[in-house]
Amino acid sequence: MSERTAGPATRTGGPGEQEALAADARDTTCRRAEFLLPPSPASARHPEVAYFAGNSLGLQPRATRAAVLAELDDWALHAVEGHHRAAHPWLPYHAELREDAATLVGAAPEETVVMNSLTVNLHLMMATFYRPEGERTRILIEDHAFSSDSYAVRSQAVHHGLDPDETVVRLRPRPGEDCLRTEDVVDHLAREGHRVALVLLGGVNYLTGEFLDIPAITAAGRAAGCRVGWDLAHAVGNVPLALHDWDVDFAAWCSYKYLNAGPGAVAGCFVHRRHVTDPDLPRLAGWWSTEQATRFEMRPELVPVPTADAWQISNPPILSMAPVRVSLRMFAETGMARLRERSLALTGYLETLLTEVVRDRPLEIVTPADPARRGAQLSLRVGGGAGSGAADAAGLADRLHRVHGVLADVRRPDVVRLAPVPMYSTFHDCWRAADALAAEVSPS
Ligand SMILES: Cc1ncc(COP(=O)(O)O)c(C=O)c1O
């Protein structure tokens, strides 16, 4: 783990702010001008919000509105014929998104499909890959798993007639620690893996921002005979991914966080090539699972396709696919390598400033100090101890927004999350966040 290095104390209008503005002036990757930023509350000192909640809901690209309106226009103009005659024909619409989605997650195009929502996709994946048998029945998740994943795996256990309390095993960090250690996950799999049917972990943890070692954990799980799937809600568009080479069995992600495709946006799914070419895998199916060439022959049995499309069920919601298409294009244009480079600089800069702020205040950075083990998020525990700062965290986030126009979010009981998003956040935003925290939290 890297040590954290403190930076100069922040001071409005001081040299720290000038440095941040100068860093922004030098930057050639940031695409902030292409996004719509909400105004600050009237009471705030800055007219524009410093937006740190892109790990919850990304900002709206300016291009999105026109893309959605174009689909409405095509519907008005072509009605049913839009399936073939729209500017982006609706019948193969999802295929147009495939290549960019695949590039983003390090997959082959046939391993990727944009469909449904995240938890629905996790269930579809589990319908195929969670096959409890004999003593191999367990599902391994992290104790800090997002609640939806927890509910999903517990309901899968019940669906299979199993006791969820016995079936779902929650991996805890060591006492006194916030993040999982790779060696502990790997050790667990070496010892208990023969009982585990499915490993389902978050690639980047929603609470701590920890970026798990996906290749090492996947290899350990597969060596123990488990299926290994990943929830990439907080990883996609945030950290570089190589799902095919990492031999992941499946993964699912949402598109409304770092992918900026809007509230409840259509999600994505990865299924490794070794599975997409296996026609005998059990899958839940619908008419969009069959090959396109014979779909309208309305046969009673489907013709399996050797791609991740085989897990599609329904025809896609085109009005909701348009924002995903826009967003994926932006990622393809800039490239994850450049975004990651900028993200490391931006998060590193924020960390340097915050290290100085937290030094004598009841705040603690719980995100790993090692840049390789985190993405674009720093989580702060407010109140100096687990569970002790409930009201403070919510009150602090509220004041950051109302007084300073710094929009962060709270995960109860005591964590404030700040995500400097490389696509649109600036060094000056980071400076504002640190300056606001220094002003709002008194030294202890
Ligand atoms: C890690 C994680 N998993 C699952 C979900 C639930 O996603 P959805 O409502 O799109 O199914 C979220 C939502 O924020 C999440 O952060």
Side-chain angles (χ1 to χ4, degrees), residues 51-59 101 104-105 113-127 129-130 139-156 168 170-171 173 178-180 198-212 214 217 228-239 241 243 248 250-270 284 311-314 316-317 320-321 323-324 327-328 366-367 374-379 407-412 415-419 421:
Y51 195 69
F52 285 93
N55 56 345
S56 185
L57 181 70
L59 293 177
L104 194 60
V105 298
V113 58
V114 172
M115 60 179 189
N116 307 316
S117 53
L118 168 54
T119 313
V120 169
N121 286 341
L122 289 175
H123 275 299
L124 292 179
M125 291 294 103
M126 286 192 273
F129 295 110
Y130 177 53
I139 306 175
L140 193 64
I141 64 171
E142 71 268 50
D143 197 34
H144 283 322
F146 193 82
S147 59
S148 195
D149 296 32
S150 208
Y151 307 155
V153 295
R154 288 178 65 84
S155 70
Q156 283 284 331
V168 176
R170 307 179 74 95
L171 283 170
D178 291 292
C179 297
L180 286 173
L198 175 67
V199 179
L200 183 61
L201 299 170
V204 171
N205 184 267
Y206 84 97
L207 186 66
T208 64
E210 179 184 17
F211 179 18
L212 288 182
I214 298 178
I217 294 171
V228 185
W230 291 89
D231 174 341
L232 300 178
H234 287 264
V236 71
N238 177 14
V239 289
L241 299 166
L243 299 183
V248 162
F250 70 86
W253 57 90
C254 58
S255 309
Y256 44 78
K257 299 179 187 294
Y258 294 97
L259 296 193
N260 313 313
V266 183
C269 213
F270 163 89
L284 299 179
W311 278 265
Q312 284 187 120
I313 293 182
S314 300
S320 304
M321 295 287 272
V324 188
S327 157
L328 289 174
V366 298
T367 305
R374 68 186 186 206
Q377 174 179 327
L378 294 178
S379 299
L407 216 168
D409 75 3
V410 179
R411 284 297 171 262
R412 289 178 194 282
V415 171
V416 170
R417 305 186 305 175
L418 291 164
V421 174

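Count residues from 1 along the sequence. Read the numbers this way: they start at 1 and go in the same order the structure lists the ligands and their atoms.
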Just jot down the salt bridge (Lys or Arg N to Asp or Glu O under 4.0 Å) partners of D409, sequence neighbours excluded, or say none. R411, R417

Can you work out which protein residues put a heavy atom within less than 4.0 Å of ligand 1? L118, T119, F146, S148, D149, D231, A233, H234, Y256, K257

Between Q377 and S379, is there a side-chain donor-acceptor contact under 3.5 Å, judged purely by atom types and distance? yes

Please list, chain by chain and in numerical order, all residues satisfying side-chain contact (heavy atoms from CB on, under 4.5 Å) with F129, sequence neighbours excluded. M125, R227, F250, V271, H275, L281, W311

Could you check whether any side-chain heavy atom of N55 comes within less than 4.5 Å of a side-chain heavy atom of Y258, counting everything from C-beta outward? yes

Sequence neighbours left out, what passes side-chain hydrogen bond (donor to acceptor under 3.5 Å, both in side chains) with H144? Give chain and number order. none

Would you say the side-chain atoms of D149 pair up with the backbone N or O of A145, donor to acceptor, closer than 3.5 Å? no

